[in-house]
Every structure is written in C-alpha cells, then in structure tokens.
Amino acid sequence: MFDSLNDQQKKAVEICDKNLLIIAGAGSGKTKTLTYKIAYILKNNLAKPWEILALTFTNKAADEMKDRVANILDTSIDNFYIGTFHALSLRFLRQIGKKYTIYDKHDQEMLVKEIITYLNLDKNKFQPSKVASYISKIKNSSNLEFPTKEFERIYKIYEEKLESNNAVDFDNILIKFIEELKNNDKLRQNFQNQFKFILIDEYQDTNNIQYELIKEFYNGDNRIFAVGDEDQSIYAFRGANINNILSFSNDFLPCEIIKLEKNYRSTKNILNIANTIITHNKTRIGKNLYSDISGVEPVIKEFATNKDEAYFVSNQIKNILMQNDNSSVAVLYRNNNLSRIFEEYFMQFGIAYKKIGAHKFFDKKEIKDILSFIKIAYNEKDDVSFIRSIGNFGGIGLKTIDDIKKIAIDLNTNLFIAASTLTQKKYAKVARFIEFVKILQKKLEFGNISECLKFVFDEVFSDKNFYRQDIRQSNIDELIEFAKNMDIESFMENASLYDYSQSIDGENNLSLPNVSLMTIHAAKGLEFDHVFIVGLNEGILPSLYQDSVIEEERRIMYVGITRAKKTLYLSYYLSDFHNSFIPSRFLKEIAVNKTQLKRYRIGETINHKDFGKGIILNVKEKPLELKVNFFKYGLKILTENDIF
DNA sequence: ACACTAAACTTTTTT
DNA sequence: AGTTTAGTGT
C-alpha cells in the first residue's frame, strides 16, 4: 500500500523516531503523505488511534483528512483526534467540565462597541472592527504593547467582560486550554503521554498561541510531525508567525527536514510562473518545485473594465464546459467584493456556479437572531446575546435597554440579573422577556434543540415580515433541521466554529456545479483544472492596504497560481468605473514571452500612500521614474523606491 | 417610548 | 448584505 509514494514521501512516512518538518510544496502530495503516515503508524503498531493527535487549520482540512484516513484504513475513524486547534481545544476543555459561550468575530465587535460607548470614546476614532482585530493581534503577539491609554482600557474591560460573561473569543479558546495545562501538571502529563504522535497541518500558518499549545503537548518523548510550506503562509493578518516554521529545527530536537518538491498537480508552464514569482521573496527556506506534466502556456489578459474581464471569463468558461462537462473551473480573487460582477455575468451566460465563503450560514441575520435566544437561555451571563435577543423580543426599545445597562453597572452584575430586578409596571415587557427566557431554559434542559428553535421562531419572529421571506424561512428551516438529534454542547460548537457553507462540498456530489467563485484564501488546499485569477491590479493584488506586506501578497499570488492543474488565466482591468488601475507588479515579475506589461501609463490616475491621488504625466522605464501631478501636493518625480 | 422605513456606509483575507 | 441613522408614524 505504500508503493505509490515517491522516495521523499516514503521517507516522510517512515521516519517516526525523530521530529519531522516536512516542507511540502504546493501539489506535492501533502495530505496523502499525512494520511499514509497515520496508516503507517497504525499498521506498525507504533500507536493506537487515540494516541495520535492531528491538528488542522480549517474544518474542511480536518474533514478531508478524516475521510482519507477512513478510506485507506477501511475502518471507522471515531477514535481519532483529528480537528482544528479550536475545535479540539474546546472539546478538551469540555472534558474537564469547562463550558463557555463562544463569541465569534461579530459578537466580539458588539462587545467592543458596548465598551466604547460605555467609555464615551469617539466611535470614529475607535472602530469596533478595527479595535477587535487589534485585540486579537495583541493576544497573538508576545509583548503586550498598547498604542494608547484608551486602548489599554478597552482591552482590559474587554477581557474582564469575557470573563464575567462566561464567554471566550476564538483566541481565548486556546488561551484557556493552555492555562489549564500550565496549572495542572497531571492533566498536562496525561495529554503528553497519551499523544505519542502529533501531526500538524499547515504549520506555516500557526500563530504564537497555537505554537505555545504545541509546546505544552510536547514532552521530548513524543514526536511532532509538522507539514507546511513557507511560501503558502498567507494568514499573517491573523497572527500567523512564519518564524514557527523557519525555526522548527531549533525548537524540536532531534529533528529532520524533508522537502517534497515533486508537484503532481500543475503543468510545467504553470509551475514556472509560480516559481519565478516566489523567488522574489527573501523570507523563505527555499525549494525547487518541479513537474513532469506538459501543457499550454498560461494567458495574461488586459481589459479596459472589470465588466470586460467578467465577460471574457464567462465566455471562456462556457467554451471550456462545452468541450468537457466534467472540468473543474475556479475564478479566484483577492477579496470578496470582486465576486459580484462575475455572478451577474454567470447568470446571463447561464453558467451554474457555487460561491464559497463570503457569507456564512451562521452569520445570517435571521440565524443569529434566533440563536441569540438559545444563547441567552444557555448562558444568562452572555450580555451580547442578551442585547440582541431582548431587542428582537418586541416592545422593548433602546431607552429600556439603556436603563438595564445602568442598573447592571450599579449592581455590578450582568444584564439578565439587572433586568430581573425591574418589577415596575412600565417594565412589564421586560418581565415577560425574562419569563420567556426561563421557559426556554426549561425546554433546553429537556434537550430538544430543534424544538426550542422552533418555539423561539413561533413565539418571537413568525409574525414579522422579514423572517417570513422565502429565503430566510428556508434558512430557518435548515437551522431547525441541522439541530435535530444534537446535544446543546455540540450544537453550540458547530454554530460557532464550523463554517457550514463550506461543508456543502461539491466533490462527491455530481449535481453541484463545477464552477467555483472564491477568494484565494478560501481556495487554499484545493485544485482545479482551469483557474482564472482576476483583478490582478495594483491595490487589489497586491492589496496595498495599511499593513499589507508585499511578500505575503506575493505568497497569495503564488497560492492562487498553484491551484491550477491544466490552464491558467491571469487578468487585470484598467477601470471599474470608480477608480482606474494599473497591472499588478507580480505580472511584471513573470514577463512571459516578453509580454509588454507596463505598470504605469501616461494619463492614468494613481493612488499614492503619502500623496494621495494624482495623474501620471510622464513615464521613464529602467530606471523607473514617474512624473506625477498630485491633486493635493502638485508635481512630484517618483523613483522605484518611493512609489510605494 | 417604540416600530417602521429609506438611505448611507461599511470590509482584505478567516479559525 | 447587514447595520446605523434619521425621520415619520402610532
């Protein structure tokens, strides 16, 4: 059964007495190697299934690994510990009796917003979404440095609130678990002894907290097998630390590094482009991906507008599907707002497609609204869910909620308790709300969540037009169906951690369309016969957003390109009717067939980070020199170095 | 005091 | 697409 592995893969599978860092280039059979390694360990009786811990980055990757292990072993996989860092940590926390409400990004922002209003801070200066992501960044970095005093206060109150709400955000799931391990030697040793082999997928995307967790599991006797590719590290914005992979061989001794460099996915031509681009990066271990597959030359296309681009892509897809119905096709972009125009044209062209990511099932308003009642019944201290549910109950407005908040501060308690003290006649509606939640709590104890959801819908939402629209109604039905036969704990976990929309996967389902629309981030780990990477403009890819780092943007480009098996189309447009654009610098780095790609054209508008918008009056290539008339700052000469 | 509506604005990427 | 805001209506 191990005959189908190449020499490097075989080495990676068979070496079990050392820690291993497997540098797995795109399409080099990473998942295959990991799953065969698990099979090898079991066949040779090196460990029992429950002594293997496999940590993945996404639920999709966990599901795929489960499937493939089950396939090659031909047994049930119930005994394996395969899952995301977050899902497994939560599960272990539950095993020791720790239960929390999980705050997703949205809940987090609501909490931050409450704190900002409470502190009377300027809402424009402190945007909840920015503050929330900054909080996560701080938690993920080792040194706690706050930009301002106000920020430090927000952060402190935020952490206190999580504690008093009996809630955890995504980061805290891991932090809480690490705390438990640190404070309880017996518990830690149990885990260390149990997990003889720890496999970590996508190691390049682990952050400091995840790294710390791995350290807690490691006792020097068990073995860590980390698989990763520094060139595919694209989650720095979420705290991923590329140094984890770069310094693996110092952290876990004895250690061996194995590189998987043979690519089984893409044609030579496609790989050439990927290799050419990525060699511009300095932060890398370095590898040389190669392929035996020959194929056609990738296509680079310029369009006047994004509409022209969408038209061309749609037309091309139509042709591809006419030639071979079974081909898989993907249109990939840097950010989700680029998808809309493709959806429009796909409709016009009659192309069936699926859009991945973007709007998650559990982020939908109707779902969150109903869920907030279950959450407040599950955990009275959950102030975020309190505010959402009471606001939807009907007959209770902002003024009343404000009164409750004030009482909660006075009594130093949560909103639910504060609301329970209101017995005056004018607060009769509040009393009814409290009563309703208590009934719900009784029903929840009974265990049938589906029925509880239906109860909430019937009592609170069924007479409101918004929730009676067909799409929302069917989403609600789906939620009720989803909850069937689930216990409250796993329901809560699934609702918070699982991206339900991504799990409706087309691979085994022939009735779903073969054309996918998604961000490059969402496409990571996937492959398609034909790939279109669109919107390859400066300012889109690379994004040139505030903290965007050019090497990471280049890796995103690299990940996109290496999704393609047979054909690859790279395209950009010059205008989207609001702004004008120039082609991505990454296209210039390729320079296929001496393709004439000018980054700058006379007469174009550019957007400079310091000087704002301006019109290009003159362009000199080699060395690059731009004469630009900026709207605010007037005439400037820019050289290569001060352009970005 | 609250419900409802229309218009404006928000967003890189996500466990 | 969802949330916020301002304005109107009950």
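Within every chain, numbering begins at 1; the chains are lettered A, B, ... in the order of the sequence lines, protein sequences first and strands thereafter.
Remark: A/Arg340 is not in phosphate contact with B/dT11, judged by side-chain N or O atoms under 4.0 Å from OP1 or OP2. OP1 or OP2 of B/dC2 lies within a sub-4.0 Å distance of a side-chain N or O belonging to A/Thr400. The shortest distance between the side-chain N/O atoms of A/Asn336 and the OP1/OP2 oxygens of B/dT12 is not below 4.0 Å. Between B/dT12 and A/Thr519, no contact under 4.0 Å exists linking OP1 or OP2 to a side-chain N or O.
Between A/Arg472 and A/Asp369, no side-chain nitrogen of the basic residue sits less than 4.0 Å from a carboxylate oxygen of the acidic one, so the salt-bridge criterion is not met. Contact check on A/Glu366 versus A/Lys464 returns no salt bridge, with no Lys/Arg side-chain nitrogen under 4.0 Å from an Asp/Glu carboxylate oxygen.
To the nearest 0.5 Å, atoms CG (A/Asn166) and NZ (A/Lys99) are separated by 11.0 Å. Taken to the nearest 0.5 Å, the CD1 atom of A/Ile367 stands 6.0 Å off from the CD1 atom of A/Ile476.
Rounded to whole Å, the distance from OH on A/Tyr134 to P on B/dT14 is 22 Å. Regarding A/Phe85, its CZ atom lies at a distance of 14 Å from the P atom of B/dT15, rounded to whole Å. Whole-Å rounding puts the A/Arg472 CZ to C/dG2 P distance at 5 Å. Between the P atom of C/dA1 and the CG atom of A/Asn475 lies a distance of 12 Å, rounded to the nearest Å. Atom CG in A/Asn59 sits about 8 Å away from atom C1' in B/dT15, given to the nearest Å. For the pair A/Leu332 CG and B/dT12 P, the computed distance is 20 Å after rounding to whole Å. Straight-line distance from the CD1 atom of A/Ile396 to the C1' atom of B/dA1: 12 Å, rounded to whole Å. When the C1' atom of B/dT12 is taken as reference, atom CD of A/Glu553 falls 8 Å away, rounded to whole Å.
Residue A/Lys365 has its side chain nearest to C/dG2 when only B/dT15, B/dT12, C/dG2 are considered. Listed candidates were B/dC2, B/dT14, C/dT3. Nearest to the side chain of A/His106 is C/dT3. Of the listed nucleotides (B/dT15, B/dT11, C/dG2), B/dT11 has the atom at the smallest distance from the side chain of A/Gln127. Comparing B/dT15, B/dT11, B/dT13 by their nearest atom to the side chain of A/Phe170 picks out B/dT15. Among B/dT13, C/dT3, B/dT15, the nucleotide with an atom closest to any side-chain atom of A/Arg388 is C/dT3. With B/dT15, B/dT13, B/dC2 as the choices, the nucleotide that has an atom nearest any side-chain atom of A/His86 turns out to be B/dT15.
Between A/Phe195 and A/Tyr81, the ring-plane angle classifies as perpendicular under the 30° and 60° cut-offs.
Ring-base stacking between A/Phe237 and B/dT13 is satisfied, the centre separation being under 5.5 Å and the plane angle under 30°.
Two residues, A/Asn207 and A/Ile401, neighbour DNA chain B, and the one matched to the more 5' nucleotide by heavy-atom proximity is A/Ile401. Both A/Ser129 and A/Lys105 lie near DNA chain B, and the one whose nearest nucleotide falls closer to the 5' end is A/Ser129.
Residues A/Phe386 and A/Ile404 meet the side-chain proximity criterion, which asks for heavy atoms closer than 4.5 Å.
Across all strands, A/Phe57 comes closer than 4.0 Å only to sugar-phosphate atoms, never to a base (heavy-atom distances).
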